[in-house]
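Below is one structure; the comments refer to it alone.
We use all heavy atoms of the structure for the numbers below, so side chains are in, but hydrogens, waters and symmetry mates are not.
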Amino acid sequence: MKSVIKNSLSLTVLATSLLAVGAYAAPANDPATLAQIRDNAMKSDWAYERLADLTDLVGPRLSGSAGAAAAVEQVADAMRKLGAKVTLQPVKVPHWVRGAESAELVEYTGRPAGITQKVVLTALGGSGATPAAGLTAPVVIVRSFEELKAKGAQVKGSIVLFDVPFDQEMANRGHAGPAYGHGAGFRFAGPKLAADMGAAAALVRSVGGADYRIPHTGATGVVEGARIPAAAVTSEDAMLMSRLSVRGPLKMHLTLTPQNLPDADSFNVIADWPGTDKADEVVIVSGHLDSWDLATGAHDDGTGVAGAMGVIDTLKKLNLKPRRTIRVIAWMNEENGTRGGKAYFEANKDKLDKHFAAIESDSGGGRPFGFIGSVTPPMVKYFAPLKDALEPIGAGIFERRDIAGAADTGPLERAGVPVFEPLVDSSAYFNYHHTPADTLDKVNPYELKRHVAVMTSLTWYLANMDENIGRVAPQQD
């Protein structure tokens, strides 16, 4: 018996040694392989180096810009160097260009002669323009859509301010997504509704925390034919206007000169790491390549792209070949149109049965606690080995949801493809989100390593599962 045990231990040691040099075909989802993946990712700076390339060398990457085009080439080149099969999928994207932006309060009760008050703001994506010399109009402050409708007579010809605070307390307690969603609803729908009611312009209190008089931009739903000027103001300036409005009427002089140019040509970057016996099936792992123009998009969504790229780097270093093909996608135009996700869906809607699962990372580079997945309740038990493998780095939580709700993989999920995301600490994410402060120095290199470990382990696990995890219930758009 002792000799059997000794021989067994020797084989285990030999297998582990061979796995380290890539010469041993280990069972796909065995604990040793998962541990190798996790530990290798935790030792590597490769993803952080790629994030530095993206943010420091390219910088802002708004759809249609030179930065977006440079990012496509940079990411494609990095993936080719790893040996992945790279495809550039054409996507027509919006091309909106920020112009001059300034505002000041020129009339309010108690204003000393010759005094005006500067308002710090930034145009929202898709905003219309004022005349070059700006416009002057009364400011009407509302805190709900119901109040906007009730003030219909005052709205026409005025500048409407939606003064809705971001609930940082909610974000601090693990509900940053819902806190953001509440404010973003006013940012997206508010300007369009104000335009429909005849407003001259619309302002929205910035959707985010860390009130250091920094405006947070984002997409708005204004449309051709009613594309009024629309901007986000800092929380401090929204509060100032609210205080002054208690004293009496106020007027603003507003200048915004953005341009809405014809749609531009761009690309999704698709990099395939071929599978073995199930190569015709695909597991997507992804982030979005575009960013707003105010900063370098380090958290939103440089970390997502770098994390997805890091999956292939980690597996290559271990010479691990998945059963299913792993498809890294750097989506284009998530921020102001989601054209990349829609284009991919249209091109693959007849092949969805071959899409085993999709992962999307777009919640920043905060600490990952595990992962989210839109699988049916009976399937949760099959992820126990993955949870165990991630537990040593504090990332062993699996939070099942009916719908994950990510942006670019949304069309796939609504058609039934299970979608997964890293479960991250987003309590500070909206301090930087869509602001000039979203830069590389805000990303913790250690947390990015942990992020890559979660992304790679999850991707590998899905690519090698024996169980058919099924489909999520199709949703209506």
Would F420 and F383 count as a close aromatic pair, with their ring centres under 6.0 Å? yes
Can you confirm whether or not the ring centre of F430 sits under 6.0 Å from the ring centre of H434? no
Say whether H451 and S361, considering side chains only, have a donor N or O and an acceptor N or O under 3.5 Å apart. yes
Carboxylate-amine/guanidinium contact K192 D196, below 4.0 Å: yes
May I ask you to say whether D466 pairs ionically with R323, meaning some side-chain N is under 4.0 Å from a carboxylate O? yes
Nearest non-hydrogen partners of A129 and T257, listed with the distance: CB-CA, 4.0 Å
Ring centroid separation F345 to H355 under 6.0 Å: no
Can you see which heavy atom on L256 is nearest to which on P229, and at what distance? CD1-CB, 3.8 Å
Pair R98 + D293: basic N to acidic O under 4.0 Å: yes
With respect to L462, which candidate in V285, I359, I326, L386 satisfies the side chain to side chain contact (heavy atoms under 4.5 Å, CB included) definition? I359
Can you check whether V119 reaches L203 side chain to side chain, under 4.5 Å on heavy atoms? no
Could you please spell out the steps behind the salt bridge (charged side-chain N to carboxylate O under 4.0 Å, His left out) verdict for D272 and R327? CA-CA 4 Å; D272 283 348; R327 176 166 293 168; 2.7 Å; yes
Please check if the distance between the ring centroids of Y180 and Y429 is under 6.0 Å. no
Does the pair K43/D45 count as a salt bridge with the N-to-O cut at 4.0 Å? no
For the residue pair S427 and Q168, what are the closest heavy atoms and their distance? O-NE2, 2.9 Å
Criterion side chain to side chain donor-acceptor pair (under 3.5 Å) on S286 and E360, from CA distance to verdict: CA-CA 5 Å; S286 64; E360 180 173 350; 4.9 Å; no
Please step through salt bridge (charged side-chain N to carboxylate O under 4.0 Å, His left out) for the pair D313 and R50, ending with a clear verdict. CA-CA 11 Å; D313 175 69; R50 301 292 75 73; over 6 Å; no
R339 and D263: salt bridge (charged side-chain N to carboxylate O under 4.0 Å, His left out), yes or no, with the steps? CA-CA 11 Å; R339 300 273 187 91; D263 284 356; 3.3 Å; yes
Can K449 and E447 be counted as an ion pair, charged N to O under 4.0 angstrom? no
